[in-house]
Amino acid sequence: QLQLAESGGGLVQPGGSLRLSCQASVFSSDYYAIAWFRQVPGKEREGISCISSNGVTTKYADSVKGRFTISRDDAKNAGYLQMNSLKPEDTAVYYCAAKEYYGNNYYCDRTPTDYTTWGQGTQVTVSS
């Protein structure tokens, strides 16, 4: 059974950078898309980025476009989220998720309900 574990969160000053990692136990097929979400208390989980299984398709929320970059390394069963120019409003618990899109290497989605496997989350705090 696929399991995910995030790491790399922490406290950073505004304008700083962090790189989150999502380590998967094993991808049983070549069709797993990876996505990153974030959530603050009292708000809905926000889909901020996703990457298709072949890495060709990437999508970003407007709130992070141009600042965050999603990537993956299938040799390591890992996904990454490089976060630059961080703002206080980026403070949240960040989650990675994965979903298998059978036969489709080019698709990913930022809709939380589309994903069935989640990590435990990692806290990112942007504050001076």
Side-chain angles (χ1 to χ4, degrees):
Q1 183 177 353
L2 176 64
Q3 293 181 318
L4 304 174
E6 302 93 339
S7 61
L11 173 64
V12 63
Q13 292 186 341
S17 299
L18 282 175
R19 187 193 194 208
L20 304 184
S21 297
C22 175
Q23 183 64 53
S25 54
V26 62
F27 288 130
S28 59
S29 77
D30 294 332
Y31 299 107
Y32 277 93
I34 297 171
W36 287 93
F37 299 83
R38 66 186 181 187
Q39 190 168 24
V40 296
K43 292 190 176 181
E44 293 186 353
R45 191 164 293 189
E46 177 188 13
I48 56 175
S49 186
C50 68
I51 185 168
S52 62
S53 56
N54 63 5
V56 172
T57 301
T58 57
K59 299 178 182 177
Y60 297 92
D62 288 343
S63 58
V64 305
K65 198 172 294 183
R67 300 187 298 122
F68 291 10
T69 303
I70 192 170
S71 63
R72 62 189 296 156
D73 184 343
D74 290 323
K76 297 181 179 180
N77 287 329
Y80 306 98
L81 186 68
Q82 178 66 43
M83 306 187 296
N84 298 329
S85 302
L86 283 162
K87 304 175 182 180
E89 52 263 44
D90 294 318
T91 296
V93 178
Y94 285 70
Y95 301 88
C96 68
K99 178 174 172 62
E100 187 175 18
Y101 292 99
Y102 297 100
N104 190 338
N105 289 118
Y106 289 87
Y107 184 76
C108 74
D109 196 275
R110 294 187 291 112
T111 305
T113 55
D114 209 41
Y115 288 82
T116 54
T117 303
W118 294 82
Q120 81 287 350
T122 185
Q123 176 71 44
V124 172
T125 303
V126 184
S127 175
S128 55

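Residue indices begin at 1 and follow the sequence shown. Note that the structure is a prediction, hence the values are computed from the model and not measured.
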- Item | For the student: nearest non-hydrogen atoms of A92 and R38, plus distance | CB-CB, 3.8 Å
- Message: With a 3.5 Å distance limit and no angle check, can you tell me whether T57 reaches the backbone of Y106 through a side-chain donor-acceptor pair?
- Response: yes
- Message: If you count heavy atoms of other groups shown closer than 6.0 angstrom to CD of Q3, is the number above 12?
- Response: no
- Message: To the nearest 0.5 Å, what is the distance between OG1 on T58 and CD1 on I34?
- Response: 12.5 Å
- Query: Quick one: are Y94 and E6 in side-chain contact, heavy atoms under 4.5 Å?
  - Reply: no
- Item | Taking every non-hydrogen atom, the tightest pair across S17 and N84 | OG-OD1, 2.9 Å
- May I ask you to check whether S63 and E89 show a side-chain donor-acceptor distance below 3.5 Å? no
- Task: Measure the CD1-SG distance between I70 and C108 for me, rounded to the nearest 0.5 Å.
- Result: 7.0 Å
- Interatomic distance, L11 atom CG to Q123 atom CD [nearest 0.5 angstrom]: 9.5 Å
- Query: Hey, are D90 and K87 close enough for a salt bridge, meaning a charged N less than 4.0 Å from a carboxylate O?
  - Reply: no
- Message: Let me check something: do V64 and F37 share a hydrophobic cluster, defined by ILVMFWY side-chain heavy atoms less than 4.5 Å apart, either directly or through other members?
- Response: no
- Message: Assess, by modelled atom type and distance only, whether the side chains of Y32 and N77 contain a donor and an acceptor separated by less than 3.5 Å.
- Response: no
- Query: To the nearest 0.5 Å, what is the distance between CD1 (I51) and SG (C22)?
  - Reply: 11.5 Å
- Task: Treating Ile, Leu, Val, Met, Phe, Trp and Tyr as nodes and any side-chain heavy-atom pair under 4.5 angstrom as an edge, say whether Y60 and Y80 lie in one connected cluster.
- Result: no
- Task: Enter the distance from R67:CZ to M83:CE here, rounded to the nearest 0.5 Å.
- Result: 9.5 Å
- Query: Atom CD1 in I48, atom CZ in F68: separation rounded to 0.5 Å?
  - Reply: 5.5 Å
- Message: For V12 versus L18, what's the shortest heavy-atom pair and its separation?
- Response: CG1-CD1, 4.0 Å
- Task: Evaluate the side-chain proximity of L4 to W118: yes if any heavy-atom separation is below 4.5 Å, no if none is.
- Result: no
- Message: Donor-acceptor check, side chain of Q23 to backbone of K76, threshold 3.5 angstrom: yes or no?
- Response: yes
- Query: With side chains defined as the heavy atoms from C-beta onward, is the minimum distance between S52 and Y107 less than 4.5 Å?
  - Reply: no
- Message: Which heavy atom of T91 sits nearest to which heavy atom of V126, and what is that distance?
- Response: OG1-N, 2.9 Å
- Query: Shortest non-hydrogen contact from S128 to P14?
  - Reply: N-CD, 3.7 Å
- Item | Cation-pi geometry met for R45 and Y115 (6.0 Å, 45°) | no
- Query: Are the side chain of D30 and the backbone N or O of N105 linked by a donor-acceptor pair below 3.5 Å?
  - Reply: no
- Query: Where is the tightest heavy-atom contact between A98 and L2, given as atom of each residue plus distance?
  - Reply: CB-CD2, 3.8 Å
